[in-house]
Amino acid sequence: MATKSSKAVKISQKHLLGIQDLSIGDVNYILTEAKQFILLNRSKNKKLDTLRGKTQINLFFEPSTRTQSSFELAGKRLGADVMSMNIVNSAIKKGETLIDTAMTLNAMHPDLIVIRHQDSGACNLLSQKVNCTVINAGDGRREHPTQALLDALTIIEKKGKIQGLKIAICGDILHSRVARSNIYLLTMLGAEVNIIAPTNLMPKDLEKFGINKFSDMKKGLESCDIVMMLRLQNERMNTSFLASNREYYEYYGLTPDKLNCAKEDALIMHPGPMNRGIEIDTNLADDINKSVIQEQVELGVAVRMACLKIFCE
Amino acid sequence: MKKKYFLNANIIDPHNSLNEVGGLIINEEGKVEAIGKKVNENNIPSREKYINLKGKHIFPGLVDMRVFVGEPGYEYKENFRTLSNAALSGGVTSVVTMPNTNPIIDNVSMVDFLKRRGRDKSKINIFPTASLTKNLEGTNMTEFGLLQKKGIIGFTDGSKTIQNTRLMSRIMNSAYDLNALIIQHAEDSDLAEKGMMNDGIISTKLGLQGIPEVAEKILIERDLSLLEEYKCRYHIAQISSAKSVSIIEEKKNFLKFTCGVSINNLSLNENDIGDFRTFLKLSPPLRTEDDRVALVEGIKNETIDVIVSDHKPEDEEQKRLTFAKAATGSSGIETLLSLSLELFHNGSIKLDTLIKTLTCNPAKILKINKGNLTQGNNADFCIVDINKPWVVKKENLLSKSKNTSIENKKLQGKVTNTFVNGEELYKI
């Protein structure tokens, strides 16, 4: 009887659209699964057949290196047939709407669609129109759940826990889906979250999410265990938010001097891609004693494998 | 036309301070012959039949000051015929149409076409506006005088704001000279740029660009400062926030101007957007519950003069998109009265105050003899069962576009019959 589906835990959602929809049980389930894949990914034979016979479509409307390749690799290592749509050559360029694209793909019976889109809520819309599971790989400025999960896993691997840690998230919060997903996840897991940004890049009413707001970076970094830097999203800025990159670096770039305000063993994180010399000092980014940026990328594959597996079940 | 007799109705005609049980007689020309409690069975010739409206209400036909019609150019969204059917089913007998059609109503040659189409295809009274500026570009004003002579009722750039302050002052001066009505969409376009909803916790959560309430406040304050210097007939199309209500309340002590509010902003708030419901992407945006309550209070104490449907038909394709790409606006002319009655049923607003904002107040601003049942006037009115429960279903809507903001909402109160010039043009 209880052979394959003996697991007591089950995920509460059909789709992974955002951290907001997940329970703490869901999160722990994903993180526990992901830990098993870390070792697998470091071993010689990385291939499983968990998702054999399943079809995964990656639908990326925005350019992406690490997330797209990470999802592709995750699917392939689990044995799924992975297809990455090239938007540049697709009918979307001919004016097809998202819903029509979804219906077309749906007719091919995929088991998973991984979507990244420039509009907030695009994955929600897609999930209403297709039969398969939808995984959000970033929608507008709303959510990027797998990034937050991999950040949490990285912190747990390095610090052994999240509960009770003081975590600073610094940079372009306004345009950042990574910041939003991390705020939901890290506060859910019991961290104290400090949000540091120039007021022009701070979304309205953010304090209502149970975080501390700072526009003075040094104050915000005080006794933090983790310093998470975000990329300045110049491509999303239509009007003047900042006077210049050099002024931004002066006040919000992570430098050894500012990092001294955090705890001595504080770790530096960044979801990438980095603007060296704008939000982070280039030597700090590469400091293997402090920066865990490469680990984030590594664990990203494990977290995505866990998500694909769990949500495909 | 035969004479018509209605008895025992609850008649509310705020223009004539009428709120009593009585009758209504319509003469052979479709005009009001007699109205009120003095009309009873004794006034009716014994061989004539009368209609007993016991328990039902008679209201003057509604005057909706903000309606978008797709003709010319967007007939697939709404034409005059479908608009008129939709309006009649909601008890609306006069509408003010917006000029942002294709081509835009910005010159006299368009007005003749509009008047002719309106007359031939619609059964209700159409009062077209023209744009304030040529091609809605916000740079050169249109010919208020000539357009008015052709039958244009007022001037507005529709969903666009006159952002240039100097131009606005000149518009006001011209409007003063020509006694023209200026209707402003009050929203600072720089502050509202690319905004899709109220700026606040919900927009932060949904990751959508917000429109701060200060965008509306700044424009209202600017225009009212100008109005102190350059007097004219000035009307703010719609307001959406508590702050706007208090500025208007204060300024009305010494300035003459009027303002409106959409029934959407009186009935819904930003939480209703839920999981990206594009049918609730509106302009001005839905704001917080506190703002909604302040707007209701503004109607109650008569700071706000009119309630409009802000009827903006959009075909479903324009709404089946991501929130950022979806069209703005909702179809609402058929539900305007029923949704307004919700504010009466829940005890927020008295019935005659409500009817006033839907009938004689807009007529007064527009300087038209509509929205009242004065003896000798055209008999435009509706019969309403104010307690009748019904559910809004998009398949039952008569408008060509089904983008209602209140799909599946349970309402109380339904128009059962609508008359224009004494002729029954709608019957449930």
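Note that the structure is predicted; figures quoted are calculated from it, not measured. Numbers restart at 1 for each chain; the letters A, B, ... are given by sequence-line order, proteins then strands. What you see below is based on every heavy atom in this structure, not just the backbone, and it leaves out hydrogens, waters and symmetry mates.
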**Asked** Tell me, side chain or backbone of A:Gln20 under 4.5 Å from chain B's heavy atoms, or both, or neither?
**Response** side chain
**Fill in**
Checking heavy-atom separations under 4.5 Å from chain A, one finds in residues 270-278 of chain B B:Asp275, B:Phe276
**Asked** Does NZ in A:Lys219 sit with more than 12 non-hydrogen atoms of other residues, nucleotides or ligands closer than 6.0 Å?
**Response** no
**Request:** Please state whether the side chain, the backbone, both or neither of A:Glu143 comes within less than 4.5 Å of a heavy atom of chain B.
**Result:** neither
**Asked** To the nearest 0.5 Å, what is the distance between NZ (A:Lys204) and CG (B:Asp199)?
**Response** 5.0 Å
**Prompt:** Is the side chain of A:Arg180 donor-acceptor paired with the backbone N or O of B:Leu206 at a distance under 3.5 Å, no angle test?
**Reply:** no
**Request:** Determine the option with the most heavy-atom pairs under 4.5 angstrom with chain A, choosing from B:Leu208, B:Thr204, B:Leu321.
**Result:** B:Thr204
**Request:** Kindly indicate, with the supporting measurements, whether the criterion side-chain contact (heavy atoms from CB on, under 4.5 Å) is fulfilled by B:Arg320 and A:Gln128.
**Result:** CA-CA 11 Å; B:Arg320 291 172 73 226; A:Gln128 291 159 12; over 6 Å; no
**Message:** Around atom NZ of B:Lys243, are there more than 12 heavy atoms from other residues, nucleotides or ligands closer than 6.0 Å?
**Reply:** no
**Prompt:** What is the minimum heavy-atom distance between A:Arg142 and B:Lys205, and which atoms define it?
**Reply:** CG-O, 3.5 Å
**Asked** Would you find more than 12 non-hydrogen atoms of other residues, nucleotides or ligands less than 6.0 Å from A:Tyr251 atom OH?
**Response** no
**Asked** Run the side-chain contact (heavy atoms from CB on, under 4.5 Å) check on A:Leu125 and B:Phe323 step by step: do they pass?
**Response** CA-CA 9 Å; A:Leu125 183 63; B:Phe323 207 85; over 6 Å; no
**Message:** For B:Thr322 and A:His117: C-alpha separation, side-chain torsions, deciding distance, then whether side-chain contact (heavy atoms from CB on, under 4.5 Å) applies.
**Reply:** CA-CA 10 Å; B:Thr322 58; A:His117 199 282; 4.3 Å; yes
**Prompt:** Looking at A:Leu98, A:Asp119, A:Leu126, A:Thr97, which has the largest count of heavy-atom pairs under 4.5 Å with chain B?
**Reply:** A:Asp119
